[in-house]
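Written below as structure tokens is the structure these notes are about.
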Amino acid sequence: FCQHPQSQAIKRTFRSEIHPPQQSESCLVLSTKACNVEDDMHKPSPPGDSEAISRRAFVSNSAAWTMTSLAAAQAIHGDILSDVTIKQNAALPACPHPFLTPAESFNTVARGHPKPHTLTGKALADARMTPETWRLEITTDPKVEPPHVTQPARMQAPHTVKDGTALDLNTLRELGESHGVKFIKATQCLNIPEPLGQGLWEGVPLRDVLKLCGRMKDVRRIYYRGFHNEDPEQIFQSSLSYTQAMETPPGGFPPMLAYRLNGQPITPLRGGPVRMIVPWAHGFKSIKWLQQIFLTNDYRTNDTYALQNNDPESHLKTSAYIDPIPERMPASQPVVLTGKVISGLSDLERVEYSLRRVTEDAEPREDAGQEQAEADWQPCPIYPPPDWEQILPQDVKPHQLLGFDAKTGQPKAWPLRFGMGYWGITLHGLQAGVYEVRVRAVDGNGFAQPEPRPLRKSGGNAVEMQRFQLS
């Protein structure tokens, strides 16, 4: 239930229509339709003055998401719980997560020896990773390889460091004044199921940057790279088709060169001063420390991740995740379950959980498998939109964001597409014993996680299970 005066429940039909808010004192969002890399989980030091930003938007929203409501009772069945009725409190507990992840709190996935974000002083400047020294080269690939490539890619006006025409940050920001876009996006590594964080990204669409190069011919793919310690063995590159780079469906989010995160300059830790952001894709497409774009007539995908047996065209998957649950709790207290959910390529219809009681010596089943289809799945309430005045930077208004209605300033869908939402539920009356809980997302086409793309190389989305004991 949402009782905050500036929050509204958003219902989504398959056409993503916005319905007017219900005329009642409180409203419940049960679902959106109804009423390799080196993993470095980095914990950086507090931001310096250059990163100073009012944290009230990040701290207060957890308090703003504290929900109160009427109680409801619902039966939960499954295995030896079949004769037990458990009070399920429909009120959402306080959300344990900020809606926008503070820049320093994202989980960090980085590669390189040394990792580029660890450079300081002259080394950072020499790497062109400061706002003053950053430069972007845009060139063409002269490669010809019949029968696949019979003509090289060409452009009218290349941009290179050598001839002094490479783009600097001021030029990019000036272009952003007339062509800039802003949108909220969750980040997730293809090989790490847990989302890394969610931010408000601001920058210039890739298509508008490429137009600075004048006429182009025989271009079928756009590659881009970040700083790689001037070592060919450390190159990390990704690519987009010409169509993906230049055209976006109505209401869609374009790939962009981002230079602001949550209203502040992007730090090296987060891939700045400029990084690519590809809204629909996993993190390997959103290259950090961007420094080079080159256009090719070779249609074949040669991303670094493709060469490591991953799907280079994988979109974010609609998937739900459980926050850590204490292994042991007193049976006299309610059990609070919370977690995250990403609305991927096929949007999000609802989040569900299943609870089963097991014997203490039962072997955990990490993948629900056939048992999942037989489980008694119950809906999980989804936290409604936050108070945008508290969440967004002072110079950003909701109607300026892609994915929001330009007139009302309300999201066109909830949770936001390619964004992260949160769910929560409180269970009362559970008897002493050992329990397993699972959570899954159901997408807009009715597929339940891990369907319709269960293969791990297109992104990890196995149904999560956690076990806890009440005594």
Side-chain angles (χ1 to χ4, degrees), residues 31-32 36-39 41 78-79 97 107 109 186-198 280-285 305-306 308-327 337-358 362-380 382 415 417-425 434-468:
S31 74
T32 53
N36 126 93
V37 300
E38 298 174 21
D39 305 336
M41 308 311 278
D79 294 336
H97 305 285
N107 288 332
V109 178
T187 58
Q188 183 179 30
C189 177
L190 182 142
N191 288 310
I192 301 176
E194 185 74 13
L196 304 177
Q198 175 165 263
W280 62 81
H282 289 91
F284 69 90
K285 285 288 190 184
Y305 250 45
Q308 296 175 351
N309 195 33
N310 297 294
D311 178 0
E313 298 298 341
S314 178
H315 287 56
L316 288 174
K317 296 182 177 182
T318 297
S319 304
Y321 308 91
I322 312 174
D323 290 334
I325 304 172
E327 293 183 1
L337 305 176
T338 59
K340 308 178 183 74
V341 60
I342 283 185
S343 180
L345 175 62
S346 298
D347 295 334
L348 175 71
E349 176 67 13
R350 63 184 179 273
V351 176
E352 300 176 330
Y353 78 99
S354 90
L355 185 70
R356 67 187 290 261
R357 189 173 174 181
V358 299
E363 288 293 328
R365 299 177 183 178
E366 297 296 337
D367 190 343
Q370 181 60 32
E371 177 187 340
Q372 175 186 344
E374 300 171 355
D376 184 28
W377 294 96
Q378 301 293 330
C380 289
I382 297 172
R417 195 176 192 198
F418 306 129
M420 182 165 57
Y422 303 96
W423 60 268
I425 199 163
V434 179
Y435 295 86
E436 288 180 353
V437 61
R438 290 179 170 85
V439 65
R440 71 181 184 184
V442 178
D443 70 18
N445 292 319
F447 285 104
Q449 185 180 342
E451 299 296 335
R453 287 186 287 146
L455 297 184
R456 192 180 185 283
K457 285 302 181 178
S458 65
N461 71 329
V463 173
E464 289 189 354
M465 183 276 288
Q466 290 193 40
R467 178 177 287 190
F468 61 91

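What's counted below: heavy atoms across the whole structure, side chains too, no hydrogens, waters or symmetry copies.
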Problem set entry | Val351 and Trp377, any side-chain heavy atoms less than 4.5 Å apart | no
Exercise. Got a donor-acceptor contact below 3.5 angstrom from the Asn445 side chain to the Asp443 backbone?
Worked result: no
Exercise. Quick one: CG on Leu337 to CZ on Phe468, what's the gap to the nearest 0.5 Å?
Worked result: 6.0 Å
Exercise. Between CG of Asn461 and CG of Leu190, what distance do you get to the nearest 0.5 Å?
Worked result: 10.0 Å
Exercise. Would you say the side chain of Asn191 lies within less than 4.5 Å of the side chain of Lys457, judging by non-hydrogen atoms?
Worked result: yes
Exercise. Which residues satisfy the side-chain hydrogen bond (donor to acceptor under 3.5 Å, both in side chains) test with Glu352, sequence neighbours excluded?
Worked result: Arg350, Arg440
Problem set entry | Residues which pass salt bridge (Lys or Arg N to Asp or Glu O under 4.0 Å) with Asp323, listed by chain and number, not counting sequence neighbours | Lys340
Seminar exercise, completed: Here the gap from Tyr422 atom OH to Ile382 atom CD1, rounded to the nearest 0.5 Å, amounts to 13.0 Å
For this session: Measure the spacing between CE of Met465 and OG of Ser354 and express it to the nearest 0.5 Å.
Result: 10.5 Å
For this session: Locate the shortest heavy-atom distance separating Val463 from Val439; write the atom from each residue and the value.
Result: CG1-O, 3.5 Å
For this session: State whether the side chain of Arg417 and the backbone N or O of Leu345 hold a donor-acceptor pair below 3.5 Å, judged by distance alone.
Result: yes
Exercise. Is the backbone of Gly344 close enough, under 3.5 Å, to the side chain of Thr318 for a donor and an acceptor to pair up by distance?
Worked result: yes
Problem set entry | Heavy-atom check, side chain of Lys317 versus side chain of Ile342, under 4.5 Å | no
For this session: Could you tell me whether the side chains of Tyr321 and Gln188 share a donor-acceptor contact shorter than 3.5 Å?
Result: yes
Exercise. How would you list, by chain and number, every residue that makes a salt bridge (Lys or Arg N to Asp or Glu O under 4.0 Å) with Glu451, sequence neighbours excluded?
Worked result: none
Exercise. Is there a side-chain contact between Ser319 and Glu464, using heavy atoms and a 4.5 Å cut-off?
Worked result: no
Seminar exercise, completed: Heavy-atom nearest pair, His315 first then Arg453, reads O-NH2, 3.0 Å
Exercise. Just one of Pro312, Ser314, Cys189 clears the side chain to side chain contact (heavy atoms under 4.5 Å, CB included) bar with His282, so which one?
Worked result: Ser314
Seminar exercise, completed: Nearest heavy-atom contact between Ala441 and Leu348 is CB-CD1, 3.8 Å
Problem set entry | Rounded distance [0.5 Å steps], NZ in Lys285 versus CH2 in Trp280 | 8.5 Å
Problem set entry | Donor-acceptor contact present, side-chain Glu349 to main-chain Gly446, <3.5 Å | no
Seminar exercise, completed: Interatomic distance, CD@Gln378 vs CG@Asp376, rounded to 0.5 Å, equals 4.5 Å
